[in-house]
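The structure under discussion appears below in the form of structure tokens.
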Amino acid sequence: MSLARVTLYPAIAALLAVGLLVACEKSSVDEAFVIDEPFEQVQIHLEHGDLELGVHDSEDAWVERSLSGPSGGFALETRVEDGVLTMDMRCAVPHTCSVDAQVLIPAGVPVNVELDDGTLTLPERELAAGAYALDTI
């Protein structure tokens, strides 16, 4: 009985090692899109990564983001509901990915940002991670 247990442990260890290697396979994806639904306010939550906010002369929001982490390891949601554009950019498993995003919105639109880890860059300043309520950019 103890001999079977000894030979079984290396087999389990090998299976676990292969599973961890597959789960840790990193990918990198760049994407860009336009949000053309009307909105009056923006809320952004970015878990890990850098966020650059700017303004432009369009009524749309333009988003470019670079995703880096395990394949399938992102929890991304973008929606417009009741005049609020909401963007959640998180890791499916905490601390395993990063999202660097550049977002352009119309001038005068208020923005709430929650940045857990990274840097918030605005046209005239750079801010550390934290929660910010910006009347305008």
Side-chain angles (χ1 to χ4, degrees):
M1 188 94 158
S2 64
L3 180 61
R5 200 176 304 151
V6 170
T7 58
L8 184 59
Y9 287 140
I12 291 173
L15 286 173
L16 288 173
V18 169
L20 288 174
L21 286 174
V22 170
C24 292
E25 185 177 321
K26 294 278 186 173
S27 68
S28 185
V29 177
D30 293 329
E31 60 183 20
F33 54 94
V34 174
I35 300 155
D36 57 5
E37 287 185 61
F39 57 90
E40 301 162 358
Q41 183 180 2
V42 176
Q43 293 185 353
I44 299 173
H45 179 229
L46 178 58
E47 192 172 56
H48 297 284
D50 296 326
L51 175 62
E52 183 178 337
L53 287 177
V55 296
H56 64 142
D57 293 331
S58 174
E59 294 183 9
D60 301 334
W62 296 353
V63 179
E64 291 184 19
R65 57 189 178 196
S66 297
L67 315 169
S68 178
S71 298
F74 305 100
L76 308 171
E77 183 179 4
T78 302
R79 68 183 183 282
V80 176
E81 190 174 295
D82 297 327
V84 178
L85 167 58
T86 301
M87 288 183 272
D88 281 321
M89 297 175 269
R90 304 171 193 248
C91 303
V93 176
H95 308 290
T96 59
C97 72
S98 69
V99 179
D100 293 331
Q102 299 80 39
V103 179
L104 295 176
I105 61 171
V109 174
V111 181
N112 292 317
V113 175
E114 185 179 337
L115 180 60
D116 295 346
D117 179 33
T119 303
L120 171 59
T121 302
L122 302 170
E124 300 288 326
R125 58 194 156 152
E126 194 168 281
L127 304 168
Y132 299 95
L134 308 167
D135 291 331
T136 187
I137 296 179

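The local environment of CD in Gln41 is crowded, with over 12 non-hydrogen atoms from other residues, nucleotides or ligands closer than 6.0 Å. The neighbour count for Asp82 CG, taken as heavy atoms of other residues, nucleotides or ligands under 6.0 Å away, does not exceed 12.
Closest approach of Glu47 and Asp116 over heavy atoms only: O-CB, 3.1 Å. Nearest heavy-atom pair across Cys97 and Gly73 is SG-O, 3.9 Å. Residues Val109 and Ile105 come closest through the heavy atom pair O-CD1, 3.9 Å. Of all heavy-atom pairs between Phe74 and Leu67, the closest is CZ-CB, 3.5 Å. Here the closest heavy-atom approach between residue Ser58 and residue Pro106 is recorded as O-CG, 3.2 Å. Of all heavy-atom pairs between Leu115 and Ala129, the closest is O-CB, 3.3 Å.
Proximity of Glu114 to Asn112: side-chain heavy atoms (C-beta onward) are nowhere separated by under 4.5 Å. Counting heavy atoms from C-beta on, the side chains of Leu51 and Val103 come closer than 4.5 Å. Between Thr78 and Val63, every side-chain heavy-atom pair lies at or beyond the 4.5 Å cut-off. In this structure, the side chains of Arg79 and Asp88 come closer than 4.5 Å at one or more pairs of heavy atoms. Side-chain contact between Leu76 and Glu31 is present, with heavy atoms from C-beta onward closer than 4.5 Å. No side-chain heavy atom of Leu85 sits under 4.5 Å from any side-chain heavy atom of Glu37. In this structure, Thr121 and Gln102 have side chains that are not in contact, with every pair of non-hydrogen atoms separated by 4.5 Å or more.
Proximity of a side-chain donor or acceptor of Ser27 to a complementary backbone N or O of Ser68 within less than 3.5 Å is not detected.
Hydrophobic clustering (ILVMFWY, side-chain heavy atoms < 4.5 Å, transitive): Phe33 and Phe39 are in one cluster. Both Val29 and Met87 are part of a single hydrophobic cluster, where members link through side-chain heavy atoms under 4.5 Å apart. In the hydrophobic clustering of this structure, Val80 groups with Val113; members are Ile, Leu, Val, Met, Phe, Trp, Tyr whose side-chain heavy atoms approach within less than 4.5 Å, directly or through other members. In this structure, Leu127 is a member of the same hydrophobic cluster as Val99, with clusters built from ILVMFWY side-chain heavy atoms closer than 4.5 Å. Cluster annotation: Ile35 and Leu46 are assigned to the same hydrophobic cluster (Ile/Leu/Val/Met/Phe/Trp/Tyr, side-chain heavy-atom contacts under 4.5 Å, transitive).
Summarising the geometry, atom CE belonging to Met89 is positioned 5.5 Å from atom CD1 belonging to Ile44; distances are rounded to the nearest 0.5 Å. A distance of 9.5 Å separates CD in Glu59 from NE2 in His56, rounded to the nearest 0.5 Å. Taking CG of Leu120 as the start and OH of Tyr132 as the end, the distance is 6.5 Å to the nearest 0.5 Å. Here the CG-OG1 distance, from Asp50 to Thr119, works out to 4.5 Å after rounding to the nearest 0.5 Å. Distance check: His48 NE2 to Thr96 OG1 gives 8.0 Å after rounding to the nearest 0.5 Å. The CG atom of Asp60 sits 11.0 Å away from atom CG of Leu104, with the distance rounded to the nearest 0.5 Å.
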side-chain contact (heavy atoms from CB on, under 4.5 Å) between Val42 and Leu53, intermediate numbers included: CA-CA 11 Å; Val42 176; Leu53 287 177; over 6 Å; no
